[in-house]
Structure formats: C-alpha cells, structure tokens
Amino acid sequence: MKVSNLVLSALFVSSFIFIGCSSSGGSSSEPIVGSTTVTAVDGYIKDANITDNAGQVGVYTSNGRYTFANSIAYPLRSRGGVLEDTNASFDINMSAQSGLVLSPITAFLENNSTLLDKLIVLGLDDAATLGEFSVDYVDTNNSDLAKLSQLLYLVQKDAALLSVFQTSLENANPSSLNEIFTLAEADVNATMGGYGVTYRAFLSSVLALTVSPSEYETQLESAKAALSEIQYHGTTYGTVVSPSSGRVWLDRNLGASKVCEDLNETACFGDYYQWGRNFDGHQEFNSTTTSTKADNIDSAGTAFITSGSTTNEWTTADANGTQRVINWRKTDGSSICPIGFRVPTASELNDDNASLNLPYAGYRNYFTGALEMSGTVGTYTSNSITIDKYVQYLYIDGSSTTNSRHYLTSGLSVRCIKDRNNTVPIANAGADQNISEGTNVTLNASASSDTDGTIVSYLWKEGDTFLSTDSSFSKSDFSAAAHTITLTVTDNNGGTATDTVVITVTNIINPTHNGVTYGSVVSPFTGKRWLDRNLGASQVCTAYNDTLCYGDYYQWGRNADGHEKATSSTISTLAADVSVVGHSSFILSTDSSTNYEWATTDVNGTLRATNWSKTDGSSVCPVGYRVPTMEELAAETINASTPVTDYITAFANFLKLPMGGNRYHYLGSIDNQAWLGYVWTITTYGSPINTLTYVFEYFTDDPSDSNAEALMHASSRAEGHSVRCIMD
C-alpha cells in the first residue's frame, strides 16, 4: 500500500468508532496486551494526531506506524495527517477499540457485527474477526481486501452516503465483491445526484485494476484527485470542511483563481454577483454597467445593472424574489455553483464563516457599479432575503463580523456550500376551509415537520402576494372568492417544501343558497343584518300580498329537503330522525297529545334548535346566517321603536314581511295567504318539556277576528311557516 506521486485531499467528515466486533465464525478481537505500535494505512498516513485513551500521543516512525511509550490504552483516536510520499492532505477522523490497524475497513465497521458478518461471508480472505481483516490488509498482498478498502474509503467521504450504504449492506446478502460494488454504485446514484459522477468513475477505476495491491494508490492517483477537485466555469476548486458543523464548502470564492494566503490577496477575491443572477458576465469586477433593468432574470445580459436612488432592483421580473431563490438553490450546475453545491442560507454562512478564510474582497456599488472597499472589508451574499426584499449578507472587517442586509443590486462575493443529502421537510398548510365574508380565519403550519432537522422559516403567499412569515397567522379580510394559499417551509439545511390550502369565502352580503340569490338589509333599530326576503322567495316583496315573495313553508327545525315547497307531497308517518328525515314529503300530524309534532324524537327541540342555529350553510340559512331567536325577531317588529302592529306595518317594516299564510299540519293544505303571516324563531315554548315553538304572527282583518294585530305565540312544530334569516 505504499504511495508515490499522489496528490490527494480526502475529507472524512464523520466520526467512526469501533468498540470490538465478533462474528458467528470467530471470537471477539482483543487488543494485543503490551502492544506499543499501531499502523495507519491507505497509502501510509504520517503526521496524524493519534492518541490513546490514556492521553498518549503516538510518534510517527515510518510506513504508517505510530509508536507509544507505554502499552496502548484503547480506544485510539486518529485525526488528520498527510500521505507519506506526497505530503498531500489526508484528513480522516477514526477511532478503534481493538486491533493494531486504523484503516477504512476498521473505520467503516464501527462496532457493527452485522456488517462484519456481511464482509466475512464474501470469502475475501480467511479473516474471521476485525483484527484478522486488519492484519491481512497490511501484511498480505490481498487484491480483494485492497479493493474493498478503496471502496470503503470512497463511501466514507460523504456522511450521507456512508449512512445509506451501511444500511443497504445490512439489509443485503451480497455473495461477491462485485455485488458490493454494485450496491455502492446504486447508493451513489441515489444519494449524490449529479455530484456522484466522479464517485462512479472512481468505483470503475478500482474494479478495473489489474496491478498488485501495493501499486493501487499510484494507479488511483487521478481518480482520487478528481474526488476532491471541482472544475467549474474554467476554475478549479477544492473543498474545506467546517470543524463546527461538518458542512463542506468550496475552498475559495466563486471565480477566485486560488485559495487565499492573505486576506488582502486580490487573486483570491473572485467575482461579484448581484443577488439571484446567473453566471452571465456581470460578475466580473470590471464588467460594463447599464441602468436598464432586465425583464428576464435568466437572460439579463452581461452588464452589471445599476439602480437609481429610489429602487433596490436589477430586474422588472420576479417581483417577490421567489424565482431567484429557487435559481440559487439549484445543485445541478445550471446556476452559479458547481454540481452538488448551492448558495448558502444566511444562517449557514453565519455559523461557518470563521473556518472559511474569507478575504476582504469588497463589493460593487449598487448605484455606480464601482468596486469599493477592496482589501478592507468582505461582503458575502446568502440566498436569504428579508420581507422588504433586501439580501441578508455577512460583513467582515478587521475588527468584527456582522449580519446585515444589502441592496439586491449590490455586487457581493459568493462562497458555495455543498448541498447535504437532506431529507426535505414536509409542509402542511392545514385543511381547506369554507368561511363567510368577514370571518377571522387562522392559517396554521404547525403540522409541518422535518425528519432530519428543523424548520427555520415559513412563507405564506397568495399568488405573488405576501401574507406572512409566521408559522400561524389570522386574517379576516379575505374577499368573497376561492383563495389558494401557498405555504413554503425551509429547513435548516436549505431544503424546501410547499403545500396549499384553499379558503373558500362566501359572499354573505348577497349570498346564494339552495339556488336562490338573496340580498340583505340592515335593521334601523338594532343594526343587525337580515336577508331581504323569506327563504325560498324569488324576490323582495312589492306588496303584502305579493305571491312571489311568500317563499317556502318549513316544518320547525327541518332542513331544506323538499318538504318546504308548497306543492310537496304529504305523508302521515312521523320521522324517527330529525337530522335525516329520508324523504321530501310534508309530514302530517293529527296527535294533539304531542302538540302536533312531525317527529317521534327530540321532544324538547334541542337538536332542531341547534340545527337551525348553524351558520356554515349546512342548515336552512346561507353561510353566515341562522334562524333568529324570539327576542331578536321581536326587537325588529313588535318591540321596535316603530313597532309592527298589523299586516300594514309588517310590510312597511324594513323586513317587508308578506302575508304568506301557512301550511296546515292536519291536512297539508296552504291556508290564510293574504290574511295571515308567520315567521319561525328557534325559541322553544313550555316547560318542563318544550313541545311548542314561538312564531311571530301578524294578520289582517280576518272575518272571524275584528282586530288586526301582531304578536309572538306558540305554534305546533308540524305547521309549515316562513323563515327569515339573521346574520350571526
């Protein structure tokens, strides 16, 4: 496993722990008592920080071997180092409880006896324990073990790939090394996306090797270098890992020709991007300028677009910035960052800035396009914008680092972050709602979730109209229409998800219900709003005996099921269920002992009063309206400051009440039209069992009654009377 002429930067960002494994075919591997030497392999790693559990530091000798003054106290921990022949960086974080070797194989197994069993049954060697794997890996020239090590070296370069591959191997039963490679390639495809092209090429290179294992590292030199070098828009980038978060970043600013050795070094400054713009030439520090705003964010030309003193935009399109946020989140290489990378969020940039060696590149002035403060300050854009459309950016100088906001037209530096193989969050905007106009509706995203992180932001919009960034908010001024509201949630890794909720708002000023469109009137006495006619009436009354405004005849508490029509059939069987009568016939009642009921249940009327009190449109009244109480109807009529006293004042009242008569409970006939008028309330009458209900009655000069009058009195519930609805 000796290395020569190898340029390699391997970044292992996970912590690998081995605490001793056993398999069905062997015993647990134990450390060799009194041992003072350990070997770190994969091209012999030197200058690593290897310590044991007693705090001893291993001293490097040669060929990957580290010697301790006293017997090794496990577990061992290894971090960093370089390859012996080339001094190329080899940053690996491993630990082991037993055995004398630290390698990609021992790191991968992580005290997982299931994984050890999967490798042992392949028959790659006579190894039955992890310790034997380790010894054979170093002391024999085993080609299969060498190829396995290279594969496991690869999968441990990405934390998400490592986790997926370990799970895949646990659930599979491979019978050959080739099947292991096939499994790894499938997981690369599923996990790495477009960034996996170099990973797949590396796997192919390993499988194709025909040289001896001691020559593997030399033969894989270019393939391994490609894993860490990124070619994009003519620039070669490397990567760095944040020690605090484990996130992977490009090692320099976009467009920079080199990694900074000095924060004032112009060659590492890179380009200056206007927020959300593509790689189109404007980012060059000396590109031409124009004051003409782009009408297409994807084709904005090559000039840096300056803004006037009263605007903060370089484009007339994408008014809310949504498309530009999406553009800078792309990881397929079609935006400004290489494949697998994207522009960071403000929180990501803030968390990791201390480890990114960010130079003082300055910025391009939004007003003139001039490069300013170069060598003095650094300004780093994020993909996050404020509600009032300013980019959130990081500002650094010699004394401080602050988070602030800047104009979208400013030219700022960009440092790309590798997109974690993040499980996107689940957005849940709640159930669709049907409400009446003016109703306060609450939109709540609390049911949204993120399985591998946290949701850090919420955005509610209707079309392009911003509504809120709170997880929950209320709104009462939706107009009468169907409103499709989109919720976008973003998790702590920049993943987004959307959901929609439809708020259907019914016009309660001029509602349509059961095929009739009503108007409404406001009481001059109480200020309350009422329908302008009886339920079922085709028009507002033009006279007290206008037959077109009489409307329907409801049995008390019953829904609009057809029985209310003047021409409906009749039936003598009382209903057993007041909620679902099951037919459209008017129910005749001849039993005086029940005060002429139309049902055999709900004797006290509670269910029916509750039904007629509904305001959701599922009962007899339109959305937002219900049947009035006796007191509410009396306040508008017999108890009003201008009281209703007879049929003349009933029609003169703002409700324009007609003399519609009634439908007789005994025979089902329509009686007393143009002589009497009745309007139901939901107020029951009598105690202890309420078997009657108040109705408002007003009548003309009946031949049998010399006095015209108006009053509240109790009525049999099987009677068919008019209904006038009040807004709740």
Side-chain angles (χ1 to χ4, degrees), residues 513-514 534-536 550-622 625-633 660-673 676-697 711-726 728:
H513 188 64
N514 291 335
N534 290 348
L535 282 182
Y550 287 169
D552 296 329
Y553 300 90
Y554 283 86
Q555 294 185 296
W556 185 77
R558 230 179 131 173
N559 281 339
D561 53 18
H563 84 281
E564 71 279 3
K565 300 302 178 183
T567 57
S568 66
S569 60
T570 61
I571 191 172
S572 298
T573 303
L574 302 188
D577 187 339
V578 295
S579 300
V580 182
V581 174
H583 58 76
S584 60
S585 297
F586 187 89
I587 298 173
L588 302 179
S589 180
T590 59
D591 186 356
S592 61
S593 66
T594 65
N595 283 322
Y596 306 109
E597 258 284 14
W598 59 269
T600 59
T601 187
D602 188 38
V603 175
N604 61 9
T606 301
L607 294 178
R608 284 171 285 181
T610 299
N611 178 46
W612 270 16
S613 298
K614 292 178 181 177
T615 61
D616 60 1
S618 65
S619 184
V620 292
C621 292
Y625 291 81
R626 58 173 170 76
V627 178
T629 64
M630 179 193 71
E631 292 79 9
E632 287 171 329
L633 188 54
N662 63 292
R663 194 169 185 185
Y664 186 33
H665 67 82
Y666 205 91
L667 300 173
S669 56
I670 302 297
D671 295 336
N672 301 312
Q673 287 184 333
L676 297 173
Y678 300 91
V679 180
W680 277 122
T681 75
I682 59 170
T683 304
T684 56
Y685 171 83
S687 61
I689 297 178
N690 303 323
T691 57
L692 297 169
T693 301
Y694 277 105
V695 68
F696 174 49
E697 179 181 8
L711 72 159
M712 291 285 177
H713 74 85
S715 174
S716 300
R717 294 169 181 170
E719 284 287 304
H721 292 317
S722 301
V723 175
R724 181 68 65 93
C725 299
I726 185 174
D728 191 52

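As a basis for the values below, the full set of heavy atoms in this structure was taken, side chains included, without hydrogen atoms, waters or symmetry mates. Sequence positions, counted from 1, serve as the residue numbers for this chain.
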Nearest heavy-atom contact between V723 and W680 is CG2-CD1, 4.1 Å

Closest non-hydrogen atoms of P622 and L535, given as atom of the first, atom of the second and distance, are CD-CD2, 4.4 Å

- Is a side-chain donor or acceptor of D602 paired with a backbone partner of L607 at a separation under 3.5 angstrom? yes

Taken in chain and number order and not counting sequence neighbours, the residues that satisfy salt bridge (Lys or Arg N to Asp or Glu O under 4.0 Å) with R724 are none

Note to self: Using a 3.5 Å distance criterion without hydrogens, assess whether the side chain of R608 forms a donor-acceptor pair with backbone atoms of V578.
What the structure shows: no

Between the side chains of T629 and T683, does any donor sit under 3.5 Å from an acceptor?
no

* Asked: With no hydrogens and no angle check, is any side-chain donor or acceptor of T681 less than 3.5 Å from a backbone partner on V627?
  -> no

Tightest non-hydrogen contact, residues Q555 and W612, listed as O-CZ2, 3.7 Å

Check your understanding: Side chain of S589, backbone of H665: donor and acceptor closer than 3.5 Å?
Key -> no

What one should report as the nearest heavy-atom pair of V603 and E597 is O-OE2, 4.3 Å

Output for pair (T570 OG1, R663 CZ), nearest 0.5 Å, gives 7.0 Å

Here the gap from C725 atom SG to Y625 atom OH, rounded to the nearest 0.5 Å, amounts to 9.0 Å

Distance col, row T684:OG1 vs M630:CE, nearest 0.5 angstrom, shows 10.0 Å

Value for OH (Y694) from CD (E631), rounded to nearest 0.5 Å, stands at 8.5 Å

The salt bridge (Lys or Arg N to Asp or Glu O under 4.0 Å) partners of E697 (sequence neighbours excluded) come to none

Exercise. Begin from the C-alpha positions of L574 and I587 and carry the test side-chain contact (heavy atoms from CB on, under 4.5 Å) through to its verdict.
Key: CA-CA 6 Å; L574 302 188; I587 298 173; 3.8 Å; yes

On a heavy-atom basis, the closest approach of V620 and N559 is CG1-CA, 3.8 Å

Here the gap from L588 atom CG to T573 atom OG1, rounded to the nearest 0.5 Å, amounts to 9.5 Å

Y554 and A560 have their tightest heavy-atom pair at OH-CB, 3.6 Å

Practice problem: Using atom types as modelled and distance alone, determine if a side-chain donor or acceptor of W598 lies under 3.5 Å from a backbone N or O of E719. | Solution: no

### Side-chain (N672) to main-chain (N662) donor-acceptor, under 3.5 angstrom
no

Separation between OH (Y553) and CD (E564), nearest 0.5 Å, reads 12.0 Å

Parallel, tilted or perpendicular for H721 and Y678, by the 30°/60° rule?
-> parallel

Exercise for review: State, with a plain yes or no, whether a side-chain heavy atom of R717 is found less than 4.5 Å away from one of L692.
Suggested key: no

### Task
Ignoring hydrogens and angles, tell me if any N or O in the side chain of T615 forms a donor-acceptor pair with the backbone of R626 under 3.5 Å.
no

*Please lay out, stage by stage, how I571 and H583 fare under the test side-chain contact (heavy atoms from CB on, under 4.5 Å).*
CA-CA 10 Å; I571 191 172; H583 58 76; 3.6 Å; yes

Across all chains, not counting sequence neighbours, the side chain to side chain donor-acceptor pair (under 3.5 Å) partners of T691 are N595

